[in-house]
Amino acid sequence: MQRILDRTKAVVDITITGAYPEEFINRLAADSIPFWGLRKKDPLNWDITMFALDYRTIRKIAKRSMCRTHIRRKRGLPFRINRFVKRRILILGIASAILAALTLPLFIWTFEVEGNATVSDREIIRALDEIGVDVGTFGYSVNPVLTETKMLLKIPELSYLTINVKGGKATVVVREDVPAPEVLDETVVTDLVATETGVITKMEILRGKSLVENGQTVLKGEKLVSGIIEHYANDNLLTVQTVRSMGEVYARTWKKLTATMPLEYTQKEPTGEEKTKYSLIIGSKRINFYFNSGNSYDKCDKIIDTDYLTLPGGVRFPLALEKTTEKACKTTVASMDDQTAEKLLQDYLARSIQLQLLGGRIIRTDFETDFGDGLITVSAVAECEQQIATEVMTQIPVETDNAPQ
């Protein structure tokens, strides 16, 4: 119980010094002034604890007892509150922090988009801004149903949208519209023709009349499969069927590519000099704490670090300190050894040839390298197996009546 009183009420620990401390104690008891914790340090110095309000009334008692009193320590909740009251700036800061913690999460400060693949986050956030849902919007003022209706009209690629606001963050969940699969038009008549010159190695004809066979050499643009199928009986033409040709034809082809590059090149090297600039970002505004907005060096690398104000729980506010570090560098001339340059060009040519194939693989590649005038030239001849059939519209002959009249 005494500990509770010491913590909730204003209590002082005092030292009584004088010729008759016991007389001082007797007078306190006679006047019904409460005290406790009596401890005799020596015949002239005694320690007691009493309420701070009663301490003001004992001066006359001390004078009549030829004693002096000295406060050793002040304790209790009133003294703590008084200590904080004197620090007005600290109290104002605490009050502001509490107010900010209670009110700021009620507004939208950051956006997070989920479920999008083709429509970018920036496009969705920009559309939300245009309909009035942006940074600083009061969270409870956002109507999810009305927002979904407006957003689907603005972005036709979306089929569903909902927005959830919690703790200063707006989570936008979207579903993109799945386009209907392309329906193959069976009414058109097409042929398959060769896109490359080569020797046929494999054929997979699903529809149409094959005009070539395995092992046959075909030229670029030559018809491989016809969409016009003629049906005969005893060498007599019975019917003509027109179809949309479908299938794949693989052939051995040969491709040649050449690439050239210099053996000397320029590279950047750091000089060791660097400068750091700071900026304060508030929403879409920027406050620079430097005067020169350009680069500090003629040639330099920039490293930008942006540190946003984030509360516990991941709530990020549009307030950030941006640090820009500019590191000076210089350009120097360097040389590449022959083997590295040759390997670099060979890999480049192999990738380029592979990208040219409609479908297939490279069987073998032969390289030839030449050096001269500080340059390296690599030529590649690749033997490939690739799909060479492509679909084109069939030229249907028009029948004309040339009978004499």
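Only this structure's heavy atoms are used, side chains among them; waters, hydrogens and symmetry mates stay out.
Geometrically, Lys277 does not engage Phe289 in a cation-pi contact defined by less than 6.0 Å to the ring centre and at most 45° from the axis.
Applying the 6.0 Å contact sphere to CD of Gln267 captures more than 12 heavy atoms from other residues, nucleotides or ligands. Within 6.0 Å of atom OH in Tyr297, more than 12 heavy atoms from other residues, nucleotides or ligands are found, so the atom counts as buried in its surroundings. Heavy-atom neighbours of Tyr278 OH from other residues, nucleotides or ligands within 6.0 Å: at or below the threshold of 12. Taking a 6.0 Å sphere around OH of Tyr140, one finds it holds 12 or fewer heavy atoms contributed by other residues, nucleotides or ligands. More than 12 heavy atoms of other residues, nucleotides or ligands lie within 6.0 Å of CG in Leu38, so this atom counts as buried by the packing criterion.
In this structure, Glu248 and Tyr250 have side chains that are in contact, with non-hydrogen atoms separated by less than 4.5 Å. Counting only heavy atoms from C-beta outward, the side chains of Glu22 and Trp46 approach each other to under 4.5 Å. Annotation: side chain of Leu128 is in contact with side chain of Phe111 (closest heavy-atom distance under 4.5 Å). Inter-residue side-chain proximity for Leu158 and Arg175 is flagged as unmet; no heavy-atom pair is nearer than 4.5 Å. Between Arg73 and Val12, the closest side-chain pair of non-hydrogen atoms is not below 4.5 Å. Proximity of Ile48 to Ile16: side-chain heavy atoms (C-beta onward) are separated by under 4.5 Å at one or more points. Residues Asp177 and Glu157 fail the side-chain proximity criterion, which asks for heavy atoms closer than 4.5 Å. Contact annotation: the side chain of Val225 never approaches that of Leu211 to less than 4.5 Å [non-hydrogen atoms, C-beta and beyond].
Thr147 and Ile131 make their closest contact through CG2-CD1, 3.9 Å (heavy atoms, listed as atom of the first residue, atom of the second, distance). Contact record, Gln387 with Val249: OE1-N, 3.2 Å, taken as the closest heavy-atom pair. Residues Lys223 and Val193 come closest through the heavy atom pair CA-CG1, 4.0 Å. Heavy-atom minimum distance, Glu176 versus Ala117: OE2-N, 2.6 Å. In terms of heavy-atom proximity, Gln354 sits nearest to Gly360 at NE2-O, 3.6 Å. Minimum heavy-atom separation, Ala251 to Gly198: CB-C, 4.3 Å.
Taking the six-membered ring for Trp and the full ring otherwise, the centers of Tyr308 and Trp109 sit at least 6.0 Å from each other.
We find the CD-CE distance between Glu391 and Met246 to be 8.0 Å, quoted to the nearest 0.5 Å. In this structure, the separation between CG on Asp301 and NZ on Lys268 is 3.5 Å, given to the nearest 0.5 Å. Atom CD1 of residue Ile353 and atom NZ of residue Lys256 lie 11.5 Å apart, to the nearest 0.5 angstrom. One finds the CZ atom of Arg207 at 11.0 Å from the CG atom of Leu192 (value rounded to the nearest 0.5 Å). Atoms OG1 and CG, from Thr17 and Asn45 in turn, are 4.0 Å apart once rounded to the nearest 0.5 Å. Atom CZ in Arg68 sits 12.5 Å away from atom CD1 in Ile14 (nearest 0.5 Å).
Between Asp347 and Arg351, no side-chain nitrogen of the basic residue sits less than 4.0 Å from a carboxylate oxygen of the acidic one, so the salt-bridge criterion is not met. Taking a cutoff of 4.0 Å between a charged side-chain nitrogen and a carboxylate oxygen, Asp366 and Arg364 qualify as a salt bridge. A salt bridge links Glu112 with Lys169: at least one charged nitrogen is closer than 4.0 Å to a carboxylate oxygen. With respect to the salt-bridge test (charged N to carboxylate O, under 4.0 angstrom), the residues Arg39 and Asp47 qualify. In this structure, Arg286 pairs ionically with Glu322, as a charged nitrogen and a carboxylate oxygen lie closer than 4.0 Å.
Thr253 and Gln386 form a side-chain donor-acceptor contact under 3.5 Å, judged by distance and modelled atom types alone. With hydrogens and angles left out, the side-chain atoms of Thr377 and Asp370 include no donor and acceptor closer than 3.5 Å. In this structure, a donor-acceptor pair under 3.5 Å is present between the side chains of Glu385 and Thr201. Side chains of Thr324 and Lys302: no donor on one and acceptor on the other come within 3.5 Å.
Formation of a donor-acceptor pair under 3.5 Å by the Arg244 side chain with backbone atoms of Asp185 is found in this model. Without hydrogens or angle criteria, Thr149 side chain to Val145 main chain gives a donor-acceptor distance under 3.5 Å. Asp42 places a side-chain N or O within donor-acceptor distance of the main-chain N or O of Leu44, the cut-off being under 3.5 Å. Of the possible polar contacts, none joining the Asn288 side chain to the Tyr290 backbone as a donor-acceptor pair under 3.5 Å is found. In this structure a side-chain-to-backbone donor-acceptor pair under 3.5 Å is missing from Asp54 to Ile33. For the pair Thr162 (side chain) and Val173 (backbone), a donor-acceptor distance under 3.5 Å is absent. Side chain of Ser65 to backbone of Ile61: a donor-acceptor contact under 3.5 angstrom is found. Using modelled atom types, no side-chain atom of Glu342 and backbone atom of Gln339 make a donor-acceptor pair closer than 3.5 Å. The backbone N or O of Asp191 sits less than 3.5 Å from a side-chain atom of Thr394, completing a donor-acceptor pair. Checking side-chain atoms of Thr190 against main-chain N and O of Ser245 turns up a donor-acceptor pair under 3.5 Å.
Every residue two or more places apart in sequence or in another chain that forms a side-chain contact (heavy atoms from CB on, under 4.5 Å) with Thr340 is listed here: Met336, Asp337.
The one candidate from Asp13, Thr15, Thr49 that meets the side-chain hydrogen bond (donor to acceptor under 3.5 Å, both in side chains) condition with Arg72 is Thr15.
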Practice problem: Determine, stepwise, if the pair Glu273 / Lys327 fulfils salt bridge (charged side-chain N to carboxylate O under 4.0 Å, His left out). | Solution: CA-CA 6 Å; Glu273 298 181 76; Lys327 296 185 177 182; over 6 Å; no
Exercise. Start with the C-alpha gap between Glu196 and Lys255, add the side-chain angles, then the distance that decides, and say whether salt bridge (charged side-chain N to carboxylate O under 4.0 Å, His left out) holds.
Key: CA-CA 10 Å; Glu196 299 283 347; Lys255 296 182 179 295; 3.1 Å; yes
Self-check item: Residues Ser335, Tyr265; criterion side chain to side chain donor-acceptor pair (under 3.5 Å); working and verdict
Solution: CA-CA 6 Å; Ser335 297; Tyr265 62 95; over 6 Å; no
